[in-house]
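Notes to accompany the following structure.
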Number of protein chains: 2
Amino acid sequence: MDYMTDMARMCAEARAGAAALQAAGEEGRTRALKAMAQAIRAASADILAANAREVEAARQKGADKAFADRLTLDEERLNAVADGVATIAEQDDPVGVEKRRWTRPNGLEIAEVSIPLGVIGVIFESRPNVAADAAALCVRAGNGVILRGGSEAAGTTQEIVKAVRTGLAEAGLPEGTVQTPPDAGRGWVTALLALDEGGADLVIPRGGKPLIAHVREHAKVPVLSHLDGICHVYVDARADARKAIDIVLDSKMRRTGVCNAAETLLIDRACASDLLPRLARALEEKGCELRGDEAARSIVPSMNAASEEDWDTEYLDAILSVRVVDGADAAMDHIARHGSGHTEVIVTEDETTAQRMISGIDAAVIMHNASSAFSDGGEFGYGGEIGIATGRLHARGPVGAAQLTTNKYVVHGEGQIRG
Amino acid sequence: MDYMTDMARMCAEARAGAAALQAAGEEGRTRALKAMAQAIRAASADILAANAREVEAARQKGADKAFADRLTLDEERLNAVADGVATIAEQDDPVGVEKRRWTRPNGLEIAEVSIPLGVIGVIFESRPNVAADAAALCVRAGNGVILRGGSEAAGTTQEIVKAVRTGLAEAGLPEGTVQTPPDAGRGWVTALLALDEGGADLVIPRGGKPLIAHVREHAKVPVLSHLDGICHVYVDARADARKAIDIVLDSKMRRTGVCNAAETLLIDRACASDLLPRLARALEEKGCELRGDEAARSIVPSMNAASEEDWDTEYLDAILSVRVVDGADAAMDHIARHGSGHTEVIVTEDETTAQRMISGIDAAVIMHNASSAFSDGGEFGYGGEIGIATGRLHARGPVGAAQLTTNKYVVHGEGQIRG
């Protein structure tokens with residue numbers, strides 16, 4: 001198989017589809033998304049059957065529980081997937097939005113208008129719902145998309161893409177807008193990353209660190225991705241104790257394997273002796289291992305000892321490192337040294353401290369008195385997310401349809417020349 | 001010399017300077033820019049002396065007139081450089097701008113706020129004014145900057161950077177915010193492009209195609225650049241003849257060596273026999289060579305014949321390819337095949353045609369009844385430009401201070417958890 005040639009053809013078809021989406025306007029894109037949601041519901045028996053076969057195959061190969069869980073779709077989950085697509089159908093259309101307009105002294109009128117990015121490649125692993133989310137967000141923004149899922153979920157992905165394409169066709173738009181390779185060969189990934197002319201305008205990897213590292217290393221096209229999610233919760237002396245406990249528990253233990261989960265608790269020395277024992281008890285009751293610095297262990301002796309390495313570790317597990325710090329400045333200093341720029345949480349009732357930390361911390365998302373778990377496209381109201389970007393270019397933070405656009409400048413004159 | 005270590009140190013100093021700029025706020029950045037403009041004026045004798053030596057050296061090495069002209073600063077040009085910095089001091093500050101704010105059903109309040117990008121590397125060639133423009137735009141947006149100019153202008157660049165740093169110091173801000181390597185060794189470019197951790201957040205090459213190709217090929221950091229500028233002027237049957245002639249002349253002949261100069265004239269068959277002879281005469285009087293397709297040459301036999309290659313050629317010279325097309329759709333088709341997405345000009349009095357072409361053409365800048373020469377940061381009102389981006393990610397079109405920012409999301413809650 002000639003992966004490069006076939007991938008170029010898929011990208012060209014996706015691009016033609018994007019042109020049709022743009023011509024169809026907001027109304028056409030909304031109609032397409034509604035039809036996609038409907039088609040996913042109509043195809044649920046086929047999708048679930050394909051998924052059941054793949055979950056069974058993964059189990060027989062000895063996949064662990066977490067992996068099998070990520071792979072699994074059931075009726076409820078598939079309904080949620082279709083609901084997500086339907087929600088995206090209701091979202092504001094991000095295309096054709098006039099972001100700015102100004103007039104120059106010479107009378108030229110300049111407008112900055114959002115337009116689709118073009119063709120987006122999405123490389124994901126075992127969560128088949130990503131196929132539907134990504135397709136819907138791309139269609140909302142008028143883009144074509146190449147979906148390349150992990151081999152374990154290849155059959156489920158094929159069925160979802162089939163349904164999505166059926167929806168597009170029913171709405172009178174080109175099926176080719178949404179593409180997936182015919183098999184799970186690694187050559188498709190290689191081709192997608194290598195095609196810099198006539199290929200994707202942007203590639204988004206969604207999955208574990210090895211996948212993201214591979215994509216970043218090999219891509220000749222721009223990549224939007226997240227690196228580490230070393231997220232901190234800082235509990236200030238002026239924190240509300242109840243909020244602090246709720247937020248720390250939710251940030252750490254709601255789901256431990258996700259990038260927006262907290263990995264380090266920074267607690268103000270001024271409240272540590274009072275609050276840390278209560279926090280530790282609540283976390284330990286939920287099965288969280290604590291690794292503290294000396295000051296933390298002197299207050300809660302049951303903690304294990306943290307090493308220097310712990311401050312730079314994304315556990316993605318029920319482990320939390322704990323450090324006692326001398327107030328907001330020491331917390332900011334720790335975050336500047338060890339944070340990954342993903343999501344940082346400040347718990348305090350003191351507005352001045354909160355404002356100072358919000359200004360001083362450099363991260364994609366800063367939460368004041370809210371759980372890190374809200375650092376998520378769905379929770380931001382995007383109807384889903386295609387990932388979270390931790391780079392500084394193009395988009396930073398949760399990536400929804402609005403971030404899958406670029407701009408053109410439209411300049412109206414009356415014959416002006418520069419002379 | 002250990003280029004990598006020294007470049008990492010320069011980037012760290014620039015980053016520390018950026019932090020100080022951010023802490024200094026809008027008022028501090030404005031003060032710094034005013035002092036920089038003042039310091040450039042104060043240092044004009046030193047800058048002009050260094051420049052005169054380099055222009056002389058270039059002449060002795062046999063540099064052509066265009067090259068020597070790009071290299072040359074005189075009192076008037078240096079005044080314009082200082083004026084540009086002073087203009088940027090008056091610009092709206094692009095940092096801390098709240099771009100959006102919305103409230104979620106759970107009460108979370110989310111704001112998207114602009115913040116500085118970080119450290120920007122600018123690699124340029126023989127125009128020494130780029131050093132001052134780039135430094136000013138970076139400081140306006142709260143960024144540190146590494147300026148690496150071409151070897152022929154190394155002495156001039158050193159003097160300009162010295163003045164800029166003096167201005168920063170006089171304003172009480174770190175000199176280290178603006179950096180330039182001590183010499184013109186190629187190793188500095190290599191180091192700047194290779195340093196992906198602890199280096200620049202973005203590199204912007206400014207110069208000819210070989211420079212840009214080199215940077216794009218070797219950079220491990222994100223690059224903002226332009227590729228070709230194959231810009232078209234479409235003259236519609238409903239064009240105003242006077243505007244059409246003015247705009248074609250200005251777009252092509254104002255300066256032929258710049259990326260926003262027109263390379264191809266597309267003229268509607270319906271007005272070609274009337275208008276093309278007048279256009280051709282006006283262009284030929286200015287010394288422009290015309291290369292037409294068969295239909296164009298049947299109207300203006302003095303034209304040379306265009307080959308297929310001409311449609312894909314950026315002449316950067318007093319040459320214009322000319323094609324007769326069957327109206328707006330044929331023009332859009334030609335532009336889709338041969339355009340480079342830089343700047344496209346539509347000349348028509350018909351609003352419907354203009355709107356259809358504005359929607360249908362994919363380019364960074366679309367001019368309706370205005371010269372392509374306005375596709376420029378200064379002309380957009382940015383007080384200068386650090387380049388024009390023709391990629392689709394992050395920024396597209398003229399790049400001013402506002403495009404040298406990224407965002408953070410600030411989320412305010414009252415103890416919300418996802419549960």
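Per chain, numbering begins at 1; letters A, B, ... match sequence-line order. Just so you know, these numbers use all the heavy atoms, side chains as well, and skip hydrogens, waters and symmetry mates.
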ask   = Quick one: NZ on K243(B) to CD on Q416(A), what's the gap to the nearest 0.5 Å?
value = 8.5 Å
Can you tell which part of [X] gets under 4.5 Å to a heavy atom of chain A, answering side chain, backbone, both or neither?
X       : result
R356(B) : neither
S251(B) : neither
E344(B) : neither
L117(B) : both

Contact between [X] and [Y] at the side-chain level, heavy atoms closer than 4.5 Å - yes or no?
X       : Y       : answer
D376(A) : R418(B) : yes
Y409(A) : P398(B) : yes
V411(A) : I366(B) : no
I417(A) : R254(B) : no
L108(B) : F374(A) : yes

Identify the heavy atoms of [X] and [Y] that sit nearest to each other, and give their distance.
X       : Y       : answer
D201(B) : L393(A) : O-CD2, 3.6 Å
G413(B) : A370(A) : CA-CB, 4.3 Å
T406(B) : R392(A) : OG1-O, 2.9 Å

Which of A364(B), P222(B), A244(B) touches chain A most, by non-hydrogen pairs under 4.5 Å = A364(B)
message = Which one wins on heavy-atom pair count under 4.5 Å against chain A: I361(B), T343(B), V345(B)?
response = I361(B)
Taking [Y]'s backbone N and O only, do any of them form a donor-acceptor pair with [X]'s side chain (distance below 3.5 Å, no angle check)?
X       : Y       : answer
K408(A) : I358(B) : yes
N369(A) : G415(B) : no
H368(B) : H412(A) : no
W102(A) : F380(B) : yes
N407(A) : R396(B) : yes

Is it the side chain or the backbone of [X] that comes within 4.5 Å of chain B heavy atoms, both, or neither?
X       : answer
I110(A) : side chain
A363(A) : backbone
S372(A) : neither
D240(A) : neither
L249(A) : neither
E217(A) : neither

Above 12 or not: heavy atoms from other molecules or residues under 6.0 Å from [atom1] of [X]?
X       : atom1 : result
D92(B)  : CG    : no
K286(A) : NZ    : no
E98(B)  : CD    : yes
E414(B) : CD    : no
R255(B) : CZ    : no

query = What residue in G381(A), A23(A), G397(A), S375(A) has the most heavy-atom pairs under 4.5 Å with chain B?
reply = G381(A)
key: Lys/Arg-Asp/Glu bridge criterion (N-O < 4.0 Å) met for E379(B), R104(A)   = no
